[in-house]
Every structure is written in structure tokens, then in C-alpha cells.
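Each remark here refers to the structure printed beneath this line.
What you see is a predicted model; the values in this text were computed from it and never measured. The figures here come from the full heavy-atom set of this structure, side chains too, leaving out hydrogens, waters and symmetry mates.
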Amino acid sequence: MRYTQYLLPTLKENPADAEVISHQLMMRAGMIRKVAAGVYSYMPFGLRSIRKMEQIIREEMNKAGAIECLMPMANPAELWQESGRWEKYGKELLRFKDRKETDFCMGPTHEEVVTDIVRNTVKSYKQLPLNLYQIQTKFRDEIRPRFGLMRGREFIMKDAYSFDLDDAGADASYSKMYQAYRNIFNRCGLKFRAVEADSGAIGGSFSHEFMVLAESGEDAIVSCDACEYAANVEKAELIYREIATPPATAELQKVDTPGQKTIEEVASFLKIEANKLVKTLIIQTSDDEVVAVLLRGDRELNEIKLANLLGADWALPAEEHVVKEATGAPVGFAGPINLKIRVIADSEVQAMADFVVGGNAVDIHYTGANLGRDFEVSQFADLRQAVAGDPCPRCDCGKFESWRGIEVGHVFKLGTKYSEAMNAVVLDDEGKTRTLVMGCYGIGVGRTVAAAIEQNHDGHGMCLPMPLARFQVLVSMVNPKDDAVREASEQLYQELLDLGVEVLLDDRDERPGIKFKDADLIGVPLRLTVGARNLKEGNVELKVRATGEMSLLPLADAAKELQRHVDAALAG
RNA sequence: CGGGGCGUAGCGCAGUCUGGUAGCGCACAUGCUUCGGGAGCAUGGGGUCGGAGGUUCAAAUCCUCUCGCCCCGACCA
């Protein structure tokens, strides 16, 4: 491709509305343009990276035995009513009517459609296992789209759905997908972790998220420094092999703590460490239950663990008036002593003695509080957020490291939620009717490309890994008006094309500075600079974008040498 | 949806408080010089000041309504 015949509108400055690096660089490098909030056009330069990502996914999915299909974006309400999600999905589901006033929605995911296909076409266990996937544009009317392709409303997703006769089969399908996902993200050259994730309301199932590691990631994850265990902090388990409650040595004592509400305030007022306090959180659940939760002062509550423990959809800090009603004091002074509501505590609290708690009265705390003697706890459980340094729950020696991650993929064992609701059944080898066991597997295609940029950039622009780069080589002719330079560049360009290398020839009549800045911005992995200076010696200059490494190559060997570089980079 | 902020040329912004002929930088076009890290000079084109209504002799500026966009929260690939 010749630059002068291509559409690659680069921007010198960051667009005012782009906050994160990948969004800024994708805009500046002319990969995407915004059409509406969370809705983007893929410009030629961006589209090709997206297509490369799709192709990698396609190859690995096919290799794992999945079969590609393509389902409609417009879904009839009928199917969604059957699964019950027409009512449940809420405003994120973009609904509309056709000319006959029939309800439709833009598919945000395709369990309904695929389950409909399978129940109508698969009748026997002999047709199983089956895994159907598609790469398609989805629409979710997100409350808050942001960060460019990172969280759009319209976005390209690969979604796959597996169907098996039984749980064991579904587990096998799941692990095939898990491995396929590892292959996909490895091939993209991404640093990632497959982490255990919360499986939410569908109990008994399991799920993994694939997280690309990046500072700007929206998710917090932990991984063991000794074994394979990794999990979203929402899910990360904490276990205590031995918990011994130390003997109480101090008397319970009421102390005045005027105006000291937060843990930090109370700790510094009493001149003790935050971990000598026990905080009491008043929590309200989706079932309208109000409970008190005790945590060591320096710990954070994991609301998902709590909700799962209580069997509720959610568990959140109670509103102010509820706290007052439960404790008799304003927010900031709750404590477990003489509290009327149910008290549950994080396991770690069991290892504490002579601690400080709130006094359930304005400006009052207790010191020297002790479990059992001063108050009762109805249940101990793992309720806190994991942090770096916590012991691994799976191995004896490991400790957690913490990371930020961008969720680019999610594999999920669905069970029979949809097959049951929509009556997707087959006959087994005894002629008995069996409900299909499903799994679903998603990859955010655009998000993965954005994540790759988050992970591969510097102050000058992006450094996309070779497998995702739209152009593998850039031939930059320093001065197109110099005949020797122009001819050598054209020759190199042609040779590279003939070798099947994806090459961009910067044939613009621009000053070198502009060309170099653009080259760095758009991040072509390998740059060949053809300038009069080196050409006199018969050389051209190779610069590796990611490392900045430079070397001189004889003009005659350059094309072949570059092809070797490209092949090596693609091989990983 | 709650809280905060912004809409002025393709991009980045000033001008709004205190009403008086719409500006700057970049980009774009033309010419000359320049040419290995976002050049210089000159000339030029491009704007319903997000939209509607109102106040006024006069509105980008004041008032009312409205639309869009961004950031922080709950959701998710």
C-alpha cells in the first residue's frame, strides 16, 4: 500500500474526549472515528487489525472443533420472552418494532437464537458434542460507554456456545475452549492471566475470565507467585489453615472519640494501627435483610462473597436511616456489642483479641473488645477482598501478587439454564430425553486490540505486536524528490510485496520529521528508512519499533532480511 | 439514573463573568525557500458559535427549554 493512496488520517494532538491510551492512539492513528457515544467506525487502518484478530480467533476455534455460523443482529422478542430475558434484561437491551409492530431487539448475546437453532436441528446424542460460534457485531445499550473500543455499545464479539449430553461432556467442551483461548491470546503476543471469576447467580457452575495485564485495566486480579492459581479479586478465596483466638487480656472500656468516624481517624486518635480495629459494616441485601459484618480495620469487604454467602443478588452498604435504626447511632459508630441484628464476621476476626469497635453511640468506641466475652458472632466466613501478600488457597507456599487487568474473554459453564427454559433436548442411547448442557464463550475482538495497544505503546505511539499489526513493514523514503532514494524505495517496496510482506510505502512528499513521527504513532513493527546518506554506501536502515533497535542492511538483502524478521515475529 | 464538566472551522483551544462586525495554533490550498525527528515566509479557503424560543437597538456572551458529548459510581466482551 502506498501512503499517498491510503486513508490514514493521523492527529498530532489527542482528541479532548479520549481518556485512555488505547483510545487516544486509535484515534490519533486513524484506526477509528466516533459516530456516537460508544459507536465507532472502523477506519481502514483499524479494520485490518480487527480482521487479523478475528482470523486468529477463527483458526483457533476451528482447531478446537467449533463450527462457525452467523446469527442475526435483529432478534425477535418471542425468543427472548421464552427464555425470560425480555423482562429481565433491562434497558441494556435495545428494543424496537418492525413495520408490523412486532417487537425485536438488537442481540447483545445469542443464547436464545443458538438454542433455538440447536433444538430444531439436533435430535440425537450422536450429533453431540456441538460447538457453534460466530464473530458478529453486538449491541448493548450500556449505561456508560467509555474508553473507545474498550467499552462500546456496538462492538464486535466472538461468541461460542457448546452443547453436550451431560455435565462431563460440558466440562470437556469447557476445557477445550479454555485451551483455545490461551492459544488465541498467546498468538496475539499478549501478557494475560486466565483467572477464576465469579459465576454470579447461576450457582454450581464455574467460569474463567481472560485478563490482559495493563495498568489501566478496570479489574483487579490476584495470582499466586508459586502455583497456577489466579482469580478476580471478586472471587479470590482466602483460607486460614489454623485460626486460634488469642486470650483476652484487656478489659472492655468505653472511650470518647469525638468526631472520629473513619477507621483512619479512630486509629490515629487512639494511636494504634488500623489492624487493631474491627469495623462493623451495616449491610442491606436484595432480600431486604440487614446484617452487620465485622472486618479487620484495614480490610475491605468483598460484597460479592457476602451476597453469595447470604444467597442474595446483591449486598450493599445500608442507607443512612437503616444504619441509624439498626445501631441507634449515625454512620461511623456501628459496633457489634449489644447489636440486635445478625452479626457475621470475616474469618480473620477470629484471630483477633483486645480490639477496638464502635460503640453504637455518637463519639463512642470500645477498646479491649473480645469475641464471645463481649458479643457473639453467628457465623465466620471468608468475606474480605484479597490483597497482594495474602497466602494462596491452593498451595502451601505461594503468596498473592496483584494486577490490573482488562477482561478480553470469558468462558462460562452455563448448565441447563437456557436449554431447560427453551426445551432443547435430545434422545440419549437409551432413547431417553436429555436436556442439553451448555457453555458459552466470549471474546471482545475490538477490546482485545485496544488491550494490545494498552500493553504495547510508548510515548511516541503504539507498538502493536506483529500478529495484529495492519502493516508489517514500513518503507520510509526520506526524500521522494531524490531519484536514487525514490528508485531504491520503489524497488524495496516491490520486492517486499513479491515476498508477501504487508508493506506500507511512505511516498508522501513530506519532511522526514513528519514521516518518522507518523511511523512511530501508527507503530508499524519494522521500519526501513531509505535515505541518501546511507544509500551512498548501498545501505538502508532498519528500526525495530518496539525496541528502538537500529541496524544497517545492504539494499540488496533488505527485503529478504525483513521477510525473515516478519516470519520470526509471527512464529513468536 | 445520581454527581461533576464541556459543546465556538477537520483537530486543539481563547473569547462568555462585564452584550457592540467571530479569533489563535495546527491541519488544508497556492508559491518560493527548506529536507534524517512534527520547517520558514507570503497569500488564500473554510464557522447555522449544538438546537429552539425569549430579552435587547444589538446575543457566542443574558434568560428558559432542549439535544449531544466526556469524567466519577452500579454493569459487562
Side-chain angles (χ1 to χ4, degrees), chain A residues 9-20 23-24 27-28 30 33-39 53 57 89-93 108-110 135-160 181 185 197-198 200 207 209-212 218-219 232 234 286 303-304 313-317 405-412 440-451 460-461 476-482 485 506 508-521 527 529-535 540-541 543 548 550:
Chain A
T10 56
L11 301 173
K12 199 184 275 189
E13 287 173 286
N14 280 329
D17 57 6
E19 190 78 1
V20 300
H23 187 195
Q24 291 171 351
M27 290 291 297
R28 286 186 56 201
R33 282 291 122 103
K34 188 171 73 180
V35 177
V39 179
M53 182 69 221
I57 293 171
Y89 217 98
K91 285 191 173 170
E92 215 174 275
L93 188 64
T109 173
H110 280 70
I135 297 174
Q136 190 219 30
T137 298
K138 297 279 188 271
F139 196 98
R140 293 182 190 173
D141 201 354
E142 291 268 352
I143 300 165
R144 192 151 92 78
R146 58 182 143 176
F147 303 154
L149 292 197
M150 207 69 96
R151 180 188 299 275
R153 288 193 294 172
E154 187 176 295
F155 60 100
I156 299 173
M157 174 167 149
K158 187 285 300 180
D159 46 328
Y181 274 39
F185 297 119
D198 182 60
S207 121
E209 290 167 339
F210 287 77
M211 297 282 190
V212 169
E218 292 186 82
D219 290 275
N232 196 309
E234 290 175 355
S286 50
E303 286 157 7
I304 292 172
D313 289 340
W314 48 261
L316 295 171
I406 299 165
E407 185 189 351
V408 291
H410 199 162
V411 292
F412 209 109
C440 71
Y441 317 92
I443 292 178
V445 176
R447 183 184 282 185
T448 305
V449 174
H460 301 288
S476 192
M477 53 169 100
V478 173
N479 184 355
K481 287 195 180 117
D482 181 315
V485 166
D506 192 348
R508 293 176 299 168
D509 185 13
E510 292 287 358
R511 295 168 59 80
I514 291 181
K515 296 187 166 193
F516 294 144
K517 290 289 184 189
D518 275 338
D520 289 344
L521 174 62
R527 183 181 91 196
T529 307
V530 184
R533 212 171 58 196
N534 290 317
L535 207 52
V540 293
E541 179 192 277
K543 184 171 183 186
M550 299 216 257

How far apart are the C-alpha atoms of Arg33(A) and Met27(A), what are their side-chain angles, what is the distance that settles it, and do they pass the side-chain contact (heavy atoms from CB on, under 4.5 Å) test?
CA-CA 6 Å; Arg33(A) 282 291 122 103; Met27(A) 290 291 297; 3.9 Å; yes
How would you label the contact of [X] with the nucleic acid (heavy atoms, under 4.0 Å): base, sugar-phosphate, or nothing?
{"X": "Pro9(A)", "result": "nothing"}
{"X": "Gly148(A)", "result": "nothing"}
{"X": "Glu92(A)", "result": "sugar-phosphate"}
{"X": "Lys34(A)", "result": "sugar-phosphate"}
{"X": "Asp219(A)", "result": "base"}
{"X": "Val478(A)", "result": "base"}
{"X": "Phe147(A)", "result": "sugar-phosphate"}
{"X": "Gly409(A)", "result": "sugar-phosphate"}
{"X": "Thr529(A)", "result": "base"}

Looking only at atom [atom1], what distance separates [N] and [M], rounded to whole Å?
{"N": "rG23(B)", "M": "rA39(B)", "atom1": "C1'", "result": "25 Å"}
{"N": "rC65(B)", "M": "rC76(B)", "atom1": "P", "result": "36 Å"}
{"N": "rC63(B)", "M": "rG2(B)", "atom1": "P", "result": "23 Å"}
{"N": "rU21(B)", "M": "rU61(B)", "atom1": "C1'", "result": "15 Å"}
{"N": "rG20(B)", "M": "rA60(B)", "atom1": "C1'", "result": "13 Å"}
{"N": "rU16(B)", "M": "rG50(B)", "atom1": "P", "result": "15 Å"}
{"N": "rC24(B)", "M": "rC62(B)", "atom1": "C1'", "result": "26 Å"}
{"N": "rU56(B)", "M": "rG19(B)", "atom1": "P", "result": "16 Å"}

Ion pair check, Lys91(A) and Asp141(A), cut-off under 4.0 Å:
no
Parallel, tilted or perpendicular: which one describes the rings of His410(A) and Phe412(A), with boundaries at 30° and 60°?
tilted
Quick one: [X] [atom1] to [N] [atom2], roughly how many Å, whole number?
{"X": "Glu154(A)", "N": "rA77(B)", "atom1": "CD", "atom2": "P", "answer": "17 Å"}
{"X": "Glu234(A)", "N": "rA74(B)", "atom1": "CD", "atom2": "C1'", "answer": "12 Å"}
{"X": "Lys138(A)", "N": "rA77(B)", "atom1": "NZ", "atom2": "C1'", "answer": "10 Å"}
{"X": "Glu13(A)", "N": "rG10(B)", "atom1": "CD", "atom2": "P", "answer": "15 Å"}
{"X": "Asp509(A)", "N": "rA29(B)", "atom1": "CG", "atom2": "C1'", "answer": "15 Å"}
{"X": "Gln24(A)", "N": "rC70(B)", "atom1": "CD", "atom2": "C1'", "answer": "13 Å"}
{"X": "Arg33(A)", "N": "rG10(B)", "atom1": "CZ", "atom2": "P", "answer": "13 Å"}
{"X": "Phe155(A)", "N": "rC75(B)", "atom1": "CZ", "atom2": "P", "answer": "17 Å"}

Scan every strand shown for a Watson-Crick or G-U wobble partner of [N], both distances under 3.5 Å, and answer none if you come up empty.
{"N": "rC41(B)", "result": "rG31(B)"}
{"N": "rU55(B)", "result": "none"}
{"N": "rG46(B)", "result": "none"}
{"N": "rC26(B)", "result": "rG10(B)"}
{"N": "rC1(B)", "result": "rG73(B)"}
{"N": "rU61(B)", "result": "none"}

Let me spell it out: for each of Glu142(A) and Ala36(A), pick the nucleotide of RNA chain B with the closest heavy atom. Which residue's pick is nearer the 5' end?
Ala36(A)
Which one, [options], comes nearest to the side chain of [X]?
{"X": "Arg140(A)", "options": "rC1(B), rG36(B), rC76(B)", "value": "rC76(B)"}
{"X": "Lys91(A)", "options": "rC76(B), rC1(B), rG37(B)", "value": "rC1(B)"}
{"X": "Phe516(A)", "options": "rG36(B), rC28(B), rC76(B)", "value": "rG36(B)"}

Please determine whether side-chain contact (heavy atoms from CB on, under 4.5 Å) holds for the pair Arg140(A) and Tyr89(A), giving the CA-CA distance in whole Å, both sets of side-chain angles, and the decisive distance to 0.1 Å.
CA-CA 10 Å; Arg140(A) 293 182 190 173; Tyr89(A) 217 98; 4.2 Å; yes
With side-chain contact (heavy atoms from CB on, under 4.5 Å) as the test, would you mind laying out the steps for Met550(A) and Glu541(A) before giving the verdict?
CA-CA 7 Å; Met550(A) 299 216 257; Glu541(A) 179 192 277; 3.5 Å; yes
Between the base of [N] and the side chain of [X], is there a donor and acceptor pair under 3.5 angstrom?
{"X": "Arg146(A)", "N": "rC72(B)", "result": "no"}
{"X": "Asn14(A)", "N": "rG12(B)", "result": "no"}
{"X": "Asn479(A)", "N": "rG36(B)", "result": "no"}

With a 3.5 Å distance limit and no angle check, can you tell me whether [X] reaches the backbone of [Y] through a side-chain donor-acceptor pair?
{"X": "Glu303(A)", "Y": "Leu316(A)", "answer": "no"}
{"X": "Arg447(A)", "Y": "Leu149(A)", "answer": "no"}
{"X": "Lys515(A)", "Y": "Arg508(A)", "answer": "yes"}
{"X": "Lys158(A)", "Y": "Ile57(A)", "answer": "no"}
{"X": "Arg153(A)", "Y": "Ala37(A)", "answer": "yes"}

Test Lys138(A) against Asp159(A) for side-chain contact (heavy atoms from CB on, under 4.5 Å), laying out the working first.
CA-CA 10 Å; Lys138(A) 297 279 188 271; Asp159(A) 46 328; 3.1 Å; yes
Look at Arg144(A) and rC71(B) and indicate whether a side-chain polar atom (N or O) is within less than 4.0 Å of OP1 or OP2.
yes
At under 4.0 Å between heavy atoms, how does the protein contact nucleotides 38-44 of chain B? Give one character per nucleotide, 5' to 3', with B, S or -.
BB-----
